[in-house]
Number of protein chains: 2
Amino acid sequence: MTGQTTIYDVARDSGFSIKTISRVINGAPNVREETVRRVRESIARLDYHPNPAAQRLGGGRLPTIGAVVDSIDDPFFAGVVAVIESRAMDVGMDVLVASTGMDESRMRTQVERLTRRGVAGLVVAPFGGDDTVRKALAVDVPVVVIDRKCGVEDRDVVRATDEQGAYDAVHHLVAHGHRRIAFLGNTSRFTTLVDRYTGYERALGEAGVDIDPRLVETRAWTADEAYPHALALLATADAPTAVFAASPMMGLGVLRAQQRLHRQDIALVIFGDHPASDLMTPPTTFVDQHPSRLANTAFDLLTRRIQEPEAPVRDTVLPTSLVPRGSGELAPRAAAAVAP
Amino acid sequence: MTGQTTIYDVARDSGFSIKTISRVINGAPNVREETVRRVRESIARLDYHPNPAAQRLGGGRLPTIGAVVDSIDDPFFAGVVAVIESRAMDVGMDVLVASTGMDESRMRTQVERLTRRGVAGLVVAPFGGDDTVRKALAVDVPVVVIDRKCGVEDRDVVRATDEQGAYDAVHHLVAHGHRRIAFLGNTSRFTTLVDRYTGYERALGEAGVDIDPRLVETRAWTADEAYPHALALLATADAPTAVFAASPMMGLGVLRAQQRLHRQDIALVIFGDHPASDLMTPPTTFVDQHPSRLANTAFDLLTRRIQEPEAPVRDTVLPTSLVPRGSGELAPRAAAAVAP
DNA sequence: AGGCGGCATGACAGCGCTGTCAACACCCCG
DNA sequence: CGGGGTGTTGACAGCGCTGTCATGCCGCCT
């Protein structure tokens with residue numbers, strides 16, 4: 001064992017009691033400035049670092065924040081976690097990661113586990129039905145919900161303007177002359193996706209286009225599941241001339257299908273960026289959710305709530321922006337050329 | 001407060017002393033089977049979970065493993081962390097993530113911080129010179145080093161066959177008729193990259209091709225840094241007909257340059273996969289490092305070492321495999337066609 | 001002068017667990 | 001039948017910190 005230096009060493013070295021050291025560490029009020037200075041000196045000299053386990057045991061939480069996301073592997077969440085880790089490091093905290101694997105009960109388990117561990121706060125991308133999520137988040141620790149509201153009313157939430165972002169995307173396609181625009185995205189669970197569908201509807205409605213149910217595919221969750229559906233959509237005689245993929249995963253499915261069918265001529269806008277999207281042929285037009293901004297906002301909110309547990313709940317909706325890069329600006333002519 | 005159930009509650013409920021409960025929890029020997037059964041029953045009935053902070057304080061480590069990587073954002077490491085998290089969850093542990101941001105001293109800080117936190121073990125992708133890395137890893141906790149050896153001799157290491165993988169890649173290009181093959185990768189720091197360069201040398205040597213120093217670019221670390229160098233390489237009159245990118249980041253730089261110059265005709269093999277590489281035009285041929293296999297192996301080794309701290313050190317070198325997908329099979333003719 | 005309140009500090013009892021050591025029952029052996 | 005294991009259990013002292021309460025001191029009011 002390394003014979004860690006403890007608060008007693010600092011007390012001995014500085015000539016104060018351990019309680020005063022504790023006060024200095026925690027920035028408690030009513031400590032003379034001179035005392036603070038001398039204790040700080042001792043701490044630095046001895047390179048003392050408080051033992052988090054002991055701090056927690058002595059009543060308190062760990063200097064740790066928990067991040068619960070669908071999958072750490074997902075580029076969107078990887079980006080979010082990266083920002084959180086970096087912000088946490090700046091304030092001397094660290095980050096426990098936990099994935100839900102898009103499984104309601106596992107999500108609940110993870111939240112409970114991290115809570116028991118004694119984390120100071122949680123950033124959660126919820127997964128599941130509203131009731132399940134609400135139950136899972138009924139824990140006694142600050143929580144910030146990201147990306148999806150899932151009916152949560154008593155927690156801070158940070159998310160994007162889903163409806164408007166989708167509207168912008170579809171409107172963009174309409175503006176480029178498209179009328180047969182497909183929608184891909186699973187609307188069965190999240191308001192997020194439902195909102196995006198609503199944006200799709202609104203844009204088409206405004207353009208006077210009736211929605212063709214054959215162009216709406218709402219069954220897939222993952223890229224692998226989306227792929228066959230995208231194939232089917234694109235292969236029909238009456239194929240769409242443009243596709244709106246309501247999530248990056250859907251987008252990957254579509255891109256894969258396009259490549260398979262050599263149909264680089266179909267316009268595509270994806271909600272959310274994915275790596276190397278600028279290297280596609282043509283480069284993918286997408287709705288930017290600004291994941292790092294979302295993560296930063298979430299971190300700020302969490303910090304605030306840790307300090308002020310009773311602050312009013314805030315539902316922050318961050319604007320998205322459409323980034324035209326090529327795939328969304330294709331004209332519909334190509335489709336006609338291919339029709340039998 | 002939730003009035004957490006403690007070991008005392010279980011003791012009372014089961015009629016044994018807290019020490020016996022502790023024994024059952026930790027699978028200690030010499031406990032009657034009947035006792036184990038009854039204690040387990042009480043634990044289940046009360047839904048008791050030991051308090052990790054207390055376990056640690058009472059002498060022991062946290063049921064937590066730390067992962068230190070360049071960046072959580074990097075798809076390669078995101079994949080590694082995802083696997084570790086999932087494996088850890090299976091055995092009731094959780095994962096603290098820490099990024100080095102490719103900074104030697106920060107890496108050391110992170111390793112020390114996690115060690116102080118009391119993690120049971122560490123998976124580290126080291127960054128920095130051999131001496132720095134050795135010093136940073138001189139901590140009193142099990143460590144498994146991944147991806148790069150960095151001169152570490154007293155720790156378990158899991159990495160890929162860098163030299164052979166690079167050889168395969170370059171040999172593949174040679175076999176497709178290329179003789180002017182560029183190398184991109186920073187060889188200034190890691191044996192990993194040096195080994196890959198050695199593989200490049202060997203493949204060219206065997207083919208009787210002299211190395212043209214103008215085709216070897218070793219300054220860049222990141223994709224952004226690689227991009228201008230790749231541009232310069234491809235734009236020269238005497239441009240290479242093929243490129244071997246010694247890391248995914250270098251690969252992205254090359255792809256970006258290729259797109260910019262509309263030079264999809266230059267053959268390319270990348271060491272390491274990156275997301276959507278199968279969607280490039282043409283799909284990217286790469287050397288698969290099998291990141292999840294690497295992560296699984298690392299986890300196995302770490303588990304072993306936690307249980308058997310004195311086990312002999314193991315340096316595991318996992319084979320890579322070349323995955324031809326299009327970009328590596330282009331013939332050199334294209335370059336000639338473009339020459340001025 | 002006596003009393004009161006506010007500040008600065010310290011003594012001490014936990015927090016929930018594990019390690020150490022001791023106690024006890026039981027068995028085998030001579 | 002006594003001595004010496006072996007197997008099973010418990011009492012108790014920490015681990016390093018924080019919360020509670022007590023202490024001493026000073027200035028100020030009446």
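In the text below, chain A, chain B and the rest are named by the order of the sequence lines, each starting its count at 1.
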Distance test, side-chain N/O of Tyr8(A) to OP1/OP2 of dG10(C), below 4.0 Å: no
Enclosure of Arg37(A) CZ (heavy-atom neighbours >12, cutoff 6.0 Å): yes
Selected nucleotide, minimal atom distance to Thr35(A) side chain, candidates dA8(C), dC21(D), dC17(D): dA8(C)
Asp154(A)/Arg134(A) ion pair, N-O < 4.0 Å: no
Contact under 4.0 Å: Thr6(B) side-chain N or O vs dC15(C) OP1/OP2: no
base_contact_polar (dG16(D) base, Arg56(A) side chain, donor-acceptor, <3.5 Å): no
Glu34(B) atom CD: more than 12 heavy-atom contacts under 6.0 Å: yes
Touch class at under 4.0 angstrom, heavy-atom based, for Pro29(A) against every strand present: nothing
Touch class at under 4.0 angstrom, heavy-atom based, for Asn51(A) against every strand present: sugar-phosphate
Short side-chain N/O contact to dG19(C) OP1/OP2 from Ser22(B), under 4.0 Å: no
Among dG16(D), dG10(D), dT9(C), the one nearest Leu57(A) by side-chain distance: dG16(D)
Value in whole Å for how far the C1' atom of dT9(D) lies from CZ of Arg32(B): 9 Å
Sugar-phosphate only, base, or nothing, as touched by Gly60(B) at under 4.0 Å among non-hydrogen atoms: nothing
Plane angle bin for Phe127(A) and Phe190(A) - parallel if under 30°, tilted between 30 and 60°, otherwise perpendicular: perpendicular
Sugar-phosphate, base or nothing in reach of Ile25(A), heavy atoms under 4.0 Å: nothing
Interatomic distance where CD1 belongs to Ile18(B) and P belongs to dC15(C) [whole Å]: 12 Å
Contact under 4.0 Å: Thr20(A) side-chain N or O vs dT9(C) OP1/OP2: no
Separation of atom NZ in Lys19(B) from atom P in dA22(C), rounded to whole Å: 15 Å
Whole angstrom value for the distance that separates P of dG14(D) from CD1 of Ile7(B): 19 Å
Contact under 4.0 Å: Asn26(B) side-chain N or O vs dT18(C) OP1/OP2: yes
Modelled atom types, side-chain donor and acceptor of Asp130(B) and Thr132(B), under 3.5 Å: no
